[in-house]
Amino acid sequence: STGTTIALAGNPNSGKTTLFNALTGARQHVGNYPGVTVERKEGSFIGEGQTFRLIDLPGMYSLTAYSLEELVARDFLVQEKPAAIVNIIDASNLERNLYLTVQFMELGLPVCIALNMVDAAQNRGIEIDAPKLSELMGIPVIPTIARSGQGKAELMQATGEMIDTVELSPPLIISYGEDIDQALAEMECEIADALPEASYPSRWLALKFLENDDQILEYCQRENADLCARLKSIRERVSQHISTTLATCPEAVIADHRYGYIKAIIKQGIITHHHDRNRLF
Ligand code: GDP
Ligand code: K
Ligand code: MG
C-alpha cells in the first residue's frame with residue numbers, strides 16, 4: 001500500500017489489531033517479516049485528503065528487544081523510521097504502558113497516544129484526564145474504544161496534524177542521575193564523532209549500550225571496533241561505580257528513572273478512581 005507510514009505499536013493485548021481492523025477494514029494484507037514467522041500486517045487508512053499506510057506491529061514491552069516479536073517491532077521502528085508511531089495504550093494500565101511510550105519518545109519518533117479501552121477502564125471506575133496527560137507528556141492523547149471504532153477518526157486526524165507540524169521531533173531527554181548522565185554524555189560524543197552517519201540518534205545508541213542491548217553492541221562492533229572498545233570501557237567504569245555505591249546495575253537505574261519520570265506525571269492528578277458504592281454492600 002502507499003501513503004505516509006504509521007506504525008501501530010504498544011504492549012501485547014492493548015488493542016492494536018482491533019484498532020488496525022477498525023481503521024483499515026478490508027484494505028489490508030498479511031505477510032511475514034523476512035526470515036521469521038512473525039506475522040506482518042499492513043493496510044491503508046483513507047481519510048479526508050490523506051492516505052496512511054498502517055503497520056500493525058507485534059506487541060512489545062520495551063525497545064530493548066527480548067523476544068523475537070519485540071526485535072521485529074524494534075527493528076521496524078529504528079530501520080524504517082515511520083512518519084509517526086500511534087502508541088496504543090490500555091487505559092486501565094497507564095503506568096506500565098507509558099514505560100514503552102517514554103522509550104518511543106527517547107528514540108525521537110513522533111508519538112500519538114491512542115488511550116484505548118476507556119470503556120473497560122470506566123467500568124472499573126478508572127477515569128484518565130487525557131488533555132492533561134497530553135499537556136504533561138507533550139504529545140497528543142486521543143481516547144479510543146477500538147472495539148466500536150470510537151475515536152478512530154480523531155486519532156487519525158491528530159496523527160496527521162502531528163506529522164504535518166512536527167518538523168523535527170527532538171528526542172525526549174530524561175535524567176538518569178549523575179553517574180549515568182555523565183557516561184551518556186561521554187558516549188554520545190564518542191559515537192557522534194566515530195559514526196556521524198549512524199542510523200540511530202547518538203544518545204539512543206549510548207543508552208542502549210549502557211542497557212546491555214546485544215543487537216546494539218553487535219552493531220557498534222561491526223561499524224567501529226575501536227569505538228566499541230571505548231564505549232565498553234566507559235560502561236565498565238560506570239557499572240563498577242554504580243555497583244559499589246548503589247549495589248545495582250545501569251539497566252536497573254535507567255528503568256527506575258523512567259518509572260520515576262512517569263510517576264511524576266501521573267501524580268499530577270491524571271487518574272481518578274470512582275468508587276462503586278454498590279460494590280461495598
Ligand atoms: P493486540 O494484542 O494489541 O493486537 O490486542 P487485540 O486487538 O487483539 O485486543 C485484545 C483484546 O482486547 C481483544 O479481546 C479485543 O476485543 C479487546 N479490545 C480491544 N480494544 C478494546 C476496547 O477499546 N475496549 C474493550 N472493552 N475491549 C477492547
Ligand atoms: K492478541
Ligand atoms: Mg495483535
Side-chain angles (χ1 to χ4, degrees), residues 1 5-33 36-45 52-63 65-77 80 82 84-104 109 111-131 133-134 139-159 270-274 276 279:
S1 40
T5 302
I6 294 176
L8 303 186
N11 289 9
N13 292 315
S14 54
K16 295 178 298 300
T17 301
T18 309
L19 184 66
F20 174 80
N21 290 336
L23 289 167
T24 61
R27 293 173 305 276
Q28 53 171 270
H29 59 91
V30 180
N32 277 320
Y33 288 91
V36 291
T37 54
V38 178
E39 204 175 69
R40 179 185 165 113
K41 294 182 98 170
E42 182 176 325
S44 26
F45 170 83
F52 294 132
R53 171 179 172 248
L54 299 183
I55 314 289
D56 179 17
L57 286 183
M60 62 202 301
Y61 292 107
S62 167
L63 272 186
Y66 295 107
S67 68
L68 180 60
E69 281 76 16
E70 283 186 320
L71 187 58
V72 163
R74 197 271 291 278
D75 281 351
F76 181 88
L77 294 174
E80 298 201 31
I85 297 173
V86 169
N87 177 203
I88 295 96
I89 281 182
D90 173 357
S92 301
N93 289 301
L94 195 60
E95 183 177 316
R96 202 185 56 189
N97 279 251
L98 287 177
Y99 187 71
L100 181 61
T101 312
V102 158
Q103 293 182 69
F104 290 152
L109 288 172
V111 180
C112 179
I113 291 180
L115 186 66
N116 195 36
M117 305 201 189
V118 287
D119 57 335
Q122 194 176 22
N123 287 338
R124 296 165 66 177
I126 299 168
E127 196 185 310
I128 310 289
D129 187 338
L133 180 61
S134 166
I139 60 176
V141 178
I142 311 297
T144 59
I145 303 173
R147 247 191 209 167
S148 67
Q150 196 175 307
K152 67 177 184 180
E154 293 86 343
L155 179 68
M156 287 298 99
Q157 168 127 19
T159 305
I270 299 300
I271 307 176
T272 308
H273 292 275
H274 299 287
D276 184 356
R279 281 196 198 159

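Heavy atoms only: backbone and side chains are in, while hydrogens, waters and symmetry mates are out. Indexing begins at 1, ligand by ligand and atom by atom, following the structure's order.
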*Nearest 0.5 Å, what's the OG1-CG distance between T272 and D129?*
7.0 Å
*Atom CD1 of I113 and atom CG of L94: how far apart are they, to the nearest 0.5 Å?*
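Going from the CD1 atom of I113 to the CG atom of L94 covers 7.5 Å.
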*Enumerate the atoms of ligand 1 whose separation from the nearest heavy atom of N116 is less than 4.0 angstrom.*
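Here the atoms of ligand 1 in question are 20 (N), 21 (C), 23 (O).
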_Atoms in ligand 1 with a heavy atom of K16 nearer than 4.0 Å_ = 1 (P), 2 (O), 3 (O), 4 (O), 5 (O), 7 (O)
*Examine all N, O or S atoms of T17, backbone included, and report whether one is under 2.8 Å from the Mg ion (ligand 3).*
yes
*Name the orientation class of the two ring planes belonging to Y33 and F76 (parallel below 30°, tilted from 30 to 60°, perpendicular beyond 60°).*
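Judged by the thresholds at 30° and 60°, the geometry between Y33 and F76 is perpendicular.
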*asked:* Is there a polar contact between ligand 1 and D56, counting only N or O atoms under 3.5 Å apart?
replied: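 No; the residue has no nitrogen or oxygen that sits under 3.5 Å from a nitrogen or oxygen of the ligand.
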*Is I145 close to ligand 1, meaning an N/O of one under 3.5 Å from an N/O of the other?*
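In this structure, I145 places no N or O atom under 3.5 Å from an N or O of ligand 1.
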*Mark the output for G59 as yes if a heavy-atom distance to ligand 1 is under 4.0 Å, and as no if none is.*
no
*asked:* Among N87, T101, V111, L133, exactly one meets side chain to side chain contact (heavy atoms under 4.5 Å, CB included) together with V141. Which residue is that?
replied: L133
*So, K152 side chain and A22 main chain: donor-acceptor pair closer than 3.5 Å or not?*
yes
*asked:* Looking at non-hydrogen atoms alone, which of P143, P12, G10, G15 comes nearest to atom 5 (O) of ligand 1?
replied: G15
*Please walk me through it: do V86 and K16 pass side chain to side chain contact (heavy atoms under 4.5 Å, CB included)?*
CA-CA 9 Å; V86 169; K16 295 178 298 300; over 6 Å; no
*May I ask you to identify, for D119, whether its side chain, its backbone, both or neither come under 4.0 Å of ligand 1 on a heavy-atom basis?*
side chain
